[in-house]
Amino acid sequence: SFHINYNYYNQSDFLIKNHTVISLKFADLKSEKRYQRFGGFNYKTIQFNDMRVIDLNDISLYSNNLSQGLHSNDLKNYLDFYVGLQFEKFVFSWHFINVLEEDFLINHSQDFQDSYIQYFSIKWKFDN
């Protein structure tokens with residue numbers, strides 16, 4: 001399956017200017033095996049408005065010290081992908097999150113950074 005979602009917000013007081021999500025998922029359509037292989041990726045882009053925000057390093061969240069700008073109109077790119085096996089009662093999958101190591105948190109001083117994450121997931125499918 002393939003999915004594209006694009007949003008453009010034409011308001012200067014809104015935090016996000018552009019937001020795009022592209023998803024592609026593939027799976028075995030018919031298999032004689034006990035499992036079905038699947039995989040896919042999600043690609044997201046976010047462009048922020050040039051705004052002023054609360055400083056995350058400031059103890060008082062309601063401080064009037066909003067002199068630091070958020071950032072320029074840089075485009076943030078996030079890429080996630082996953083592969084797995086689906087059985088009748090279980091789904092096993094390996095996920096790779098933020099492969100491009102883009103920062104998630106908006107922070108002028110860059111003290112907080114999220115990076116590339118991997119994890120293994122097991123889901124149990126109940127009959128009822």
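All figures in this text were calculated on a predicted structure; none of them were measured in a lab.
The CG atom of Leu75 sits 9.0 Å away from the CD1 atom of Ile46 when rounded to the nearest 0.5 Å. Rounding to the nearest 0.5 Å places NZ of Lys44 at 7.0 Å from NE2 of His19. Annotation: the span from Thr20 atom OG1 to Tyr43 atom OH amounts to 8.5 Å, rounded to 0.5 Å.
Considering only residues two or more places apart in sequence or on other chains, Asn18 meets the side-chain contact (heavy atoms from CB on, under 4.5 Å) condition with Tyr6, Tyr8, Gln47. With sequence neighbours left out, the ring-ring contact (aromatic ring centres under 6.0 Å, His included) criterion links Phe81 to Phe96. Partners of Ile4 according to the side-chain contact (heavy atoms from CB on, under 4.5 Å) rule, which considers only residues two or more places apart in sequence or in another chain, are Phe2, Ile22. Remark: Lys33 pairs with no residue by the salt bridge (Lys or Arg N to Asp or Glu O under 4.0 Å) rule, at least two apart or across chains. With sequence neighbours left out, Tyr82 forms a side chain to side chain donor-acceptor pair (under 3.5 Å) with no residue at all.
Taking a 4.5 Å side-chain heavy-atom cut-off between Ile, Leu, Val, Met, Phe, Trp and Tyr, the cluster of Phe26 contains only that residue. Cluster partners of Val21 are absent, since no Ile, Leu, Val, Met, Phe, Trp or Tyr has side-chain heavy atoms less than 4.5 Å from it.
Remark: the Thr45 side chain and the Asn77 side chain contain no N/O donor-acceptor pair separated by less than 3.5 Å.
Between the Asp80 side chain and the Asn98 main chain, a donor and an acceptor come within less than 3.5 Å of each other. The backbone N or O of Gln36 lies less than 3.5 Å from no partner atom in the side chain of Gln86, so there is not a single donor-acceptor pair.
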Distance-only criterion, 3.5 Å: show the donor-acceptor pairs between side-chain atoms of residues 87-94 and protein atoms not counting sequence neighbours.
residue, atom, partner, partner atom, Å
Lys89, NZ, Asp127, OD1, 2.1
Lys89, NZ, Asp127, OD2, 2.9
Ser93, OG, His95, NE2, 2.8
Trp94, NE1, Gln118, OE1, 3.1

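In this structure the side chain of Ile97 never reaches within 4.5 angstrom of the side chain of Tyr116, judged on heavy atoms.
Note on Leu85: it does not cluster hydrophobically with Phe38, by side-chain heavy-atom contacts below 4.5 Å among ILVMFWY residues.
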